[in-house]
Structure formats: C-alpha cells, structure tokens
Number of protein chains: 2
Amino acid sequence: MSLTHAILGVLNVEPMNGYELSQAFETSLAWVWVAPRSQIYPTLRKMEAEGLIEAERQVRGTKLERRVYSVTDAGLAELRRWVAEPFDTTMKRDPVLLQGLFLDLVDPDVAAKIFEHVIDEQRAIVEYGERLHREILASDLLPVHQRRLARRPPDEREYVATLKAHAFAGAAAQAKARIAWAEEGIRLLRHGPAADSAVKRPAGKKARPRQQGG
Amino acid sequence: MSLTHAILGVLNVEPMNGYELSQAFETSLAWVWVAPRSQIYPTLRKMEAEGLIEAERQVRGTKLERRVYSVTDAGLAELRRWVAEPFDTTMKRDPVLLQGLFLDLVDPDVAAKIFEHVIDEQRAIVEYGERLHREILASDLLPVHQRRLARRPPDEREYVATLKAHAFAGAAAQAKARIAWAEEGIRLLRHGPAADSAVKRPAGKKARPRQQGG
DNA sequence: ACATACATGTAAATGGTTACATGATTTA
DNA sequence: TAAATCATGTAACCATTTACATGTATGT
C-alpha cells in the first residue's frame, strides 16, 4: 500500500494530525496521491499499531482531542526502504486512452469535446505543477516546505529543493504530454493523418463521417 | 467500473470468450487496461445478467465448453454513452512521482538507479505504442484490427484506423514524457539545477551529499 | 446565534490482487 | 505420454469510494 508511504513521507516532513494530513493530500499532494479522510484515519491507526508512527494526544480547548502523529525510527527505515526499491512503473489503467480507443463510435464533434475536456483539465495540472516547481526552487516556499528544509543541514537544502521541485515538474510534464496528444487528436478529427504519415489519403477528402456503426 | 466498458469495447470488435478476452488484455490492451482472469470471468457473468452482453455456448472437442460473448444493443448503447461522456481525467495516484518526491532520503546513486529503472520500463512502452501506431496506420494490422475494420464501411476505415492508432500514440507519448523527466532527474542528481534556473548555485559546488538525515 | 473550520471516525459497497483449484484439448 | 495451451472459475484479502455520523472551537 503506497498510502502508507505517502503518509510516512508527509509526516517525516513534520508531525501532523489526521485533519492536517488530509488537507495536505487535498492541496500539495493533490496530483500525486489523493486520499479521503475515511481512508486516512483508519490507515493512521493501522500504522500506529505497526509501530511506523506514534501519536501524541493533545487537547484543544477543553475537550477536542488531536492525535498528532510522528514517524518512528522503524517508520523512517521503512520509508527509506520503499524509496530505494524499484517497482513496476507501467501504467496499468488509463481511462483517457481507453476512451480514446473507442472514440470512433461517436460523432466527431462529440469526440472533439472529449479531447477539449482533457485539455482543460490537464492545463490546470500544468499550472499547478509549474507553480510549485518555481516556488520551491526560488525558496519562495509554502510553509510546509519551509519547515521541511529548516530541518535539514544548510548544505543539503538546495539538493532537497531541487529534487522536490523536480517531482512537481514531472506532474506538469505528463499533463503537457496529454495536452499535446489531445490537441493532435482534435487535428486528426478535422483533417485526418498528416500528409507525411504512413497512410496517404485521397486529396481533398475529409475522413469525417457523421456517425459510425458498430 | 471501466472494466465493463473496456470489455464492451473489445467484444464490440468481435465476439470472444473469457480466455481470448484475457489474452487481449495481456497483449494489445496491456498499456491501456489490465485485468486478470479472476476479474474478467465474474465481470462477464455480471454483464450478462445486466443484459449488456449475451453468451453463445459452444463445445470444443466433446466436453470443453466455451462461452462466446457478444455485445447486445443495450451494451452498445451503454458503450456509446460512456465514450461520449467527459470524466475526471486527473491522475489521482502516481507512485513514480510519489517516490520521486522522497528521493532525497536515499543516496544519490540509489536515486539514479530508480530513475534508470523508470527509463528502462518506459522505453518498452514507447516501442510498443509506436509499433502499434505504425502498424495500424499502415494497415499492416494485427488480426483483431483487421477484423474490426472489415466490419466497417470502407469509407470509415481510415477514420477509425487514425483514431485507434492515435490512442496507442498517446501511450507512447506519455512514456516519452516520463523518460525525459527521469533523464533530467539523473542530470539534477549529478549537476544540480541548470545555471539559468531560478536558483543560482555557488560555482563549482556539487549538490551531492552522501546520505541524508530525516 | 450562526457559520465555518477543526477533529475523528464508521459502514457498506465496489474494485482489484494474489493464490488456489480443476479439468480438457492439442501439439511435439 | 508429456508439455503447452485452452478453458472457467472460487476464495481471501487488500484498497478505494461514497455515504453517513458526531461533536467542538473559533470568528463574525
């Protein structure tokens, strides 16, 4: 379960309670790993039972209890073990490509709207990823990143910032690849494959039937 | 459940039994949607119960039963409905980027191996995706694609081939983006951020600590 | 006083993985 | 006759989603 490792990584930056953790998954980690509260709280309890993290109970006001978790030595060891281990990086399920594979079943205008929708959504990811990349490198950091770096010896800070920033650049780069793919898809719907493609089309004919049969 | 729609899409090309279907998920659909037999067979039964597909029982030899499924009118309608519908295209969990985010916790040589592993695996996807893209466009098709196109009116064949090929090109394009990201990662481990980056590094100093603290 | 944010969960259902189970048919 | 391929599943577990449930503290 990578959620365990995502949590270890975040708590290793700074001890937090489940509520703050779920905010982290909704904001900075939104395009890397999402997890709803209903998954976070039970997982925290499980990890505590396994000795990967430990809770400090705090009280806010008079009654409201906070359970602030921090990573144990065993937890850090497990995080390091996981990070050092190569795993299967192939994408096993890609709903966008699956939909793309059957796009010939609908009207080209409908297909174009699907591609446009992909472009709209992925653009938001590009903006977010590039913003974080820029801010981390410029040390114009979000509070959570400032805290992370403050815990490191000064010599390592640039190294750490470089790698963290690179991860967010990766999210942006992949979103850009998807945008380029969807843009090319729209072009293909309108004009068919390019003239230098493996397939030569009869001049002037548009490959654009109204509706397709099964 | 998109497995249902993946199955509808494949069976819409050509009626098949569960065994052939599972082979399709292992080969042509391997980088788009994977599904083990243990998930395929129960899903086929469920879809049959829902009226999306119907089974024709055949007997091979004297005893061995095959259940060959084909898409019903209701199934094709559902497939079309799903294809025409825009959905959330944001990647919710990306183990590669998650690992990349914590790569500062391990020795730079170990981190480089992780990036190299990503490159190796993604290269295989590029080769596969580009091969299928080429073959479909060149009509030098796999049997399954030949059958698919044979069922269409000649006028539509180029259009269909163009779109199918484009889906596989998408798998290759994304893998390429990951490779570029991992290559840049290796460069950063060795030389730190580029000189024109937002961060200026002291000349001659390498951001390459041996081991990092928690 | 009211709304918003803080805080922690449970329950049911769905989706997906891994391991196991069994036997028939074809090919070398 | 042995190995590979064809063929269809079940069971247990793990991961994820969606809906529900409850109450406290703070700011306006």
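Residue numbering restarts at 1 for every chain, and letters A, B, ... go by the order of the sequence lines. These numbers come from a predicted model, not from an experiment.
Nearest heavy-atom pair across B:Arg93 and B:Pro95 is O-CD, 3.6 Å.
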Working for side-chain contact (heavy atoms from CB on, under 4.5 Å), residues A:Tyr159 and B:Leu189: CA-CA 8 Å; A:Tyr159 178 80; B:Leu189 287 171; 3.4 Å; yes
Could you go through B:Leu21 and B:Leu44, starting from their C-alpha distance and side-chain angles, then the distance that decides it, and tell me whether this counts as side-chain contact (heavy atoms from CB on, under 4.5 Å)? CA-CA 10 Å; B:Leu21 206 44; B:Leu44 285 170; 3.7 Å; yes
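Listed pair A:Asn17 / C:dC6 fails the phosphate criterion, with no side-chain N or O lying under 4.0 Å from OP1 or OP2.
Backbone-only engagement by B:Glu65 is indicated by non-hydrogen atom pairs under 4.0 Å involving sugar-phosphate atoms exclusively.
Distance OH (B:Tyr19) to P (C:dT26): 13 Å, rounded to an integer number of Å. Atoms OH (B:Tyr41) and P (C:dT17) sit 17 Å apart, rounded to a whole Å. Rounded to whole Å, the distance from CD on B:Glu26 to C1' on D:dC6 is 13 Å. One atom, CZ of B:Arg37, and another, P of C:dA21, lie 17 Å apart when rounded to the nearest Å. Look at CZ on B:Arg45: it is 14 Å from P on D:dA11, rounded to the nearest Å. The distance from atom CG of B:Leu44 to atom C1' of D:dA7 is 13 Å, rounded to the nearest whole Å. One can place CZ of A:Arg66 at 13 Å from C1' of C:dA5, the figure rounded to the nearest angstrom.
B:Trp82 and B:His5 have parallel rings, their planes meeting at less than 30° on a 0 to 90° scale where 60° marks the start of perpendicular. The aromatic rings of A:Trp181 and B:His166 sit parallel, their planes meeting at an angle under 30°, below the 60° perpendicular limit.
Looking at residues 49-58 of chain B, you'll see that no heavy atom sits under 4.0 Å from any atom of DNA chain C.
With sequence neighbours excluded, the residues satisfying side-chain contact (heavy atoms from CB on, under 4.5 Å) with A:Asp88 are A:Thr90, A:Lys92, B:Glu121.
Remark: side-chain polar atoms of A:Tyr128 are paired, donor with acceptor, to backbone N or O of A:Thr27 under 3.5 angstrom.
Judged by distance alone, the side chains of B:Ser70 and B:Glu56 never bring a donor and an acceptor atom under 3.5 Å apart.
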Produce a footprint string for nucleotides 15-24 of chain D: one letter per nucleotide, 5' end first; B if the base is under 4.0 Å from any protein heavy atom, S if only the sugar-phosphate is, - if neither. SSBBB---BB
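Using a 4.0 Å cut-off between charged side-chain N and carboxylate O, B:Glu116 and B:Lys113 make no salt bridge.
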